[in-house]
Peer 1: 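The structure follows.
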Amino acid sequence: MLRVLLVISALVSAALAWALPMPVLYAVAAGLLVIAGVLVSVAMRRRHSDVPEVYSELPEQDDDDLASLGIIDIKPKSRSAAGPSASTPDEAGEEESSGDGTTADERANEAEAASGASSPAREPSAPGVMEPADPYRAEVAAAPVVGKARTRPPRARIMVAEASSSRGNEILVPALRSLRASVDAYTVCLLRQEEAPLRYHVEAMVSQNSYARSGGSFATADPLMAGHRTLVPIVYPRIGPNGFSKQKLGYYHEPINVRQVAMVPIASKKRPDVFILLVDTVHDGGLESAAVRVLLEQYGRLMAVLLDTAADGDLAEGGADHGKPRREIIADEMERSRSMGHDLSLALVLLNKAEDGGVPEEQLEDLEVRFEGRLREIALDARIERFGELTFGVFYHGERESVAAWAARIQEAFDEEEAPLDGGVSIGVVICGEQHGGPDSLRAHATAALQSAFETGECTIVE
């Protein structure tokens, strides 16, 4: 009680010292706290010294009590702590016997048999090895050792995508790449608008996101832009609610957090199609400056000139190789692989739907566009050319050891496709070697591999 009063007095003194300008009361409060602390330590020491130490002696057992329990004689343990069957060298050949002529081990075995007749038999442990008392531990100890955990190598992800159709691959992509670097854009693409039905085809694209389409087309409910003057940039400063709808950005496979979008309508003088130069960014205010608008207009004019030039040279209708025999295309790729020291593989990919029941004529063109676009998304770093109706040739310059995995990846990807690309594909691959003296031999072997793949349903590779 005294300690509590001292603490309360110290608190009151401290409060008065704070309320009244009397510093002396702080000293009084400190002194009271010191006295209270001394009293607490003295009380705890006294309480600790008053604890009695109690000793108890074990009662002595008489020989008569031991005899009543069946214990006639007590001798020191002759076995070592290592195990019940290990004995000292002096007693290795001796067994202690009781009055009835049985040894101690025999009595122990009889007692164990009487008490555990229903328990499963255990094999005797080896000398010097302690047998575990817990059967679960014995089972765990006898279990095979699990091998080391193996870690899977991380998959490489493509963080920068550059793609285009076969038209103007060497012209459009560099121009879009320079525009992306000039305005610090996220994605720059050239789209071709199709009116009926409303659909946009990706002619060329440069993007920093791997979810950007590398070809093909996408549809939207509303046009990206309508009623705007040619070569006049339109900037949408806000994307999302009360702004430009993200649903229109169909050139991404998944929704991307884009902040601004700018578009430039392009009208080619020698083509009836409407093109759109589209730029987006993940930064706020990156496309609204006057300098960026002027730059977008100039790049729109450049794209119009490139499209007109391509139309004159038949580039816009199939690239520089349009109308070129497949034999010359194969010869060019063979010459390129030999001059650069790269391996060359030619894969013929056929959409099975073309042979299963045919495709209506009005759907054939759209299906080929979708098929080619999806093929470009899967077959990265490869040249793709049309070799027939719903049949494309893919030139792969990877190593010979990676051809099987590359072709299998293409086939597995199309196995999971839904309509209109359902039904899977047949793939026949030929690896160019010394036995292929010319393009005709290489194409003949690729055709034979494709025929075998269509009949067996499995990818066929010919070396």
Peer 1: Identify each donor-acceptor pair in which a side-chain atom of residues 274-287 lies under 3.5 Å from a protein atom, sequence neighbours left out, and give them as a table.
Peer 2:
unit_1, atom_1, unit_2, atom_2, d
Asp280, OD1, Thr187, N, 3.0
Asp280, OD2, Tyr251, OH, 2.7
Asp280, OD2, Tyr252, OH, 2.9
Thr281, OG1, His283, N, 3.2
Asp284, OD1, Arg259, NH1, 3.3
Asp284, OD2, Arg259, NH1, 2.9

Peer 1: With the side chain counted from C-beta on, respond yes when His201 and Val369 share a heavy-atom pair under 4.5 Å apart, and no when they do not.
Peer 2: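 Yes, side chains in contact.
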Peer 1: Can you name the nearest heavy-atom pair linking Ser345 to Val403, along with the distance?
Peer 2: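 Where Ser345 meets Val403 most closely, the heavy atoms are OG-CG2, 3.3 Å.
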Peer 1: Using modelled atom types and a 3.5 Å cut-off, is there a donor and acceptor pairing between side-chain atoms of Arg213 and backbone atoms of Gly250?
Peer 2: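 Pair found, side chain donor or acceptor close to backbone of Gly250.
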Peer 1: Under 4.5 Å between any side-chain heavy atoms of Val261 and Leu249, yes or no?
Peer 2: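 Yes, close enough: below the 4.5 Å cut-off.
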Peer 1: Which pair of heavy atoms, one from Ala379 and one from Val394, lies closest together, and at what distance?
Peer 2: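 Heavy-atom minimum between the residues: CB-CG1, 4.2 Å.
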Peer 1: Would you say Glu195 and Gln193 make side-chain contact, with heavy atoms under 4.5 Å?
Peer 2: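 Yes. Closest side-chain heavy atoms under 4.5 Å.
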Peer 1: Other residues, nucleotides and ligands only: do more than 12 of their heavy atoms fall within 6.0 Å of CD on Gln435?
Peer 2: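 Correct, the count exceeds 12.
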Peer 1: Contact between Thr460 and Leu450 at the side-chain level, heavy atoms closer than 4.5 Å - yes or no?
Peer 2: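 With C-beta onward as the side chain, the pair stays apart.
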Peer 1: Would Glu368 and Glu365 count as a side chain to side chain contact (heavy atoms under 4.5 Å, CB included) here? Give the steps.
Peer 2: CA-CA 5 Å; Glu368 281 195 340; Glu365 183 178 357; 5.9 Å; no
Peer 1: Look up atom CD1 in Ile266 and atom CG in Asp273, then write down how far apart they are to the nearest 0.5 Å.
Peer 2: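 If I round to the nearest 0.5 Å, the distance is 12.5 Å.
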Peer 1: Are side-chain heavy atoms of Val294 and Leu296 found at a separation under 4.5 Å?
Peer 2: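 A side-chain contact is absent here, since even the closest heavy-atom pair is not under 4.5 Å.
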Peer 1: Just how far is it from atom CG of Asn257 to atom CG of Asn209, taken to the nearest 0.5 Å?
Peer 2: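 Reported to 0.5 Å precision, the distance equals 11.0 Å.
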Peer 1: I'd like to know if the side chain of Arg199 reaches the main chain of Glu194, judged simply by a donor and an acceptor atom lying under 3.5 Å from each other, with no hydrogens or angles considered.
Peer 2: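 No; judged by distance alone, with no hydrogens or angles, the pair does not exist.
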Peer 1: Taking all non-hydrogen atoms of both residues, which atom of Arg400 and which atom of Cys432 are closest, and how far apart?
Peer 2: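 Looks like NH1-O, 3.5 Å.
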Peer 1: Between the side chain of His436 and the main-chain N/O of Gly433, is any donor-acceptor distance below 3.5 Å?
Peer 2: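 Present.
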Peer 1: So, do Phe244 and Pro237 sit near enough that their side-chain heavy atoms are less than 4.5 Å apart?
Peer 2: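 They are not in side-chain contact.
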Peer 1: Determine whether Gln260 and Arg238 make a side-chain contact, defined as any pair of heavy atoms from C-beta on separated by less than 4.5 Å.
Peer 2: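 Of all side-chain heavy-atom pairs linking Arg238 with Gln260, none is under 4.5 Å.
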Peer 1: For a quick check under 3.5 Å, do His397 and Glu333 share a side-chain donor-acceptor pair by atom type?
Peer 2: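 Yes, side-chain donor-acceptor contact under 3.5 Å.
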Peer 1: How long is the span from the CG atom in Leu176 to the OG atom in Ser207, to the nearest 0.5 Å?
Peer 2: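 With rounding to 0.5 Å, CG (Leu176) is 11.5 Å from OG (Ser207).
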Peer 1: For the side chain of Thr447 and the backbone of Arg443, is there at least one donor-acceptor N/O pair under 3.5 Å apart?
Peer 2: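 A pair under 3.5 Å: yes.
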Peer 1: Which of these passes side-chain contact (heavy atoms from CB on, under 4.5 Å) with Leu351: Leu390, Leu375, Asp422?
Peer 2: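 The residue from Leu390, Leu375, Asp422 that satisfies side-chain contact (heavy atoms from CB on, under 4.5 Å) with Leu351 turns out to be Leu390.
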Peer 1: Carefully, step by step, assess Arg370 and Asp366 under the rule salt bridge (Lys or Arg N to Asp or Glu O under 4.0 Å).
Peer 2: CA-CA 6 Å; Arg370 292 174 180 268; Asp366 181 70; 2.9 Å; yes
Peer 1: For residues 229-236, dump all side-chain donor-acceptor pairs below 3.5 Å to protein atoms at least two apart in sequence or in another chain.
Peer 2:
none

Peer 1: Would a 4.5 Å heavy-atom cut-off, applied to side chains only, mark Tyr396 and Ser402 as touching?
Peer 2: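 When only atoms from C-beta onward are counted, Ser402 and Tyr396 do touch, with a gap below 4.5 Å.
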Peer 1: If every non-hydrogen atom of Leu172 is compared with every non-hydrogen atom of Ala204, which pair is closest and at what distance?
Peer 2: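 Between these two residues, the closest heavy atoms are CB-CB, 3.9 Å.
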Peer 1: Looking at Glu377 and Arg374, does any basic side-chain N land under 4.0 Å from a carboxylate oxygen?
Peer 2: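 Salt bridge between Glu377 and Arg374, a charged N being under 4.0 Å from a carboxylate O: yes.
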Peer 1: Please report the interatomic distance CD1(Ile378) to CH2(Trp406), rounded to the nearest 0.5 Å.
Peer 2: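 Going from CD1 on Ile378 over to CH2 on Trp406, the span is 11.0 Å.
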Peer 1: Identify the heavy atoms of Tyr200 and Pro223 that sit nearest to each other, and give their distance.
Peer 2: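 Closest approach of Tyr200 to Pro223: OH-CA, 3.3 Å.
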Peer 1: After noting the C-alpha distance and the side-chain angles of Leu442 and Arg327, does the key distance pass the side chain to side chain contact (heavy atoms under 4.5 Å, CB included) rule?
Peer 2: CA-CA 10 Å; Leu442 189 67; Arg327 184 177 184 277; over 6 Å; no
Peer 1: Please step through side chain to side chain contact (heavy atoms under 4.5 Å, CB included) for the pair Leu191 and Glu203, ending with a clear verdict.
Peer 2: CA-CA 6 Å; Leu191 305 176; Glu203 296 295 309; over 6 Å; no
Peer 1: Is it true that, when you exclude Glu458 itself, more than 12 heavy atoms of the residues, nucleotides or ligands shown sit nearer than 6.0 Å to its CD?
Peer 2: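 Incorrect, the count does not exceed 12.
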Peer 1: Step by step, would you call Glu385 with Arg383 a salt bridge (Lys or Arg N to Asp or Glu O under 4.0 Å)?
Peer 2: CA-CA 7 Å; Glu385 296 289 342; Arg383 179 181 179 180; 3.1 Å; yes
Peer 1: More than 12 heavy atoms of other residues, nucleotides or ligands under 6.0 Å from CD of Glu399: is that the case?
Peer 2: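 Open.
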Peer 1: Identify the heavy atoms of Ala175 and Met303 that sit nearest to each other, and give their distance.
Peer 2: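 In terms of heavy atoms, the two residues are closest at CB-CE, 3.6 Å.
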Peer 1: Under a 3.5 Å distance rule, please check whether Gln208 uses its side chain to pair with a backbone N or O of Ala185 as donor and acceptor.
Peer 2: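 At least one qualifying donor-acceptor pair exists.
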Peer 1: Once rounded to the nearest 0.5 Å, what's the spacing between atom CD of Glu297 and atom CZ of Arg301?
Peer 2: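 Reported to 0.5 Å precision, the distance equals 4.5 Å.
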Peer 1: Is there a donor-acceptor pair closer than 3.5 Å between any side-chain N or O of Thr391 and the backbone N or O of Glu389?
Peer 2: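 Checked: pair present.
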Peer 1: Return the CE to CE distance between Met225 and Met263, rounded to the nearest 0.5 Å.
Peer 2: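 So the gap between those two atoms works out to 6.5 Å.
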Peer 1: I want to know whether Phe387 and Phe392 have ring centres closer than 6.0 Å.
Peer 2: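 That pair fails the under 6.0 Å test.
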Peer 1: Is a side-chain N or O of Ser441 found less than 3.5 angstrom from the main chain of Gly437, in a donor-acceptor match?
Peer 2: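 No.
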Peer 1: Using the rule given for side chain to side chain contact (heavy atoms under 4.5 Å, CB included), can you reason through Tyr186 versus Ile256, listing the C-alpha separation, both sets of side-chain angles and the distance that settles it, and then say yes or no?
Peer 2: CA-CA 10 Å; Tyr186 197 55; Ile256 304 299; 3.8 Å; yes
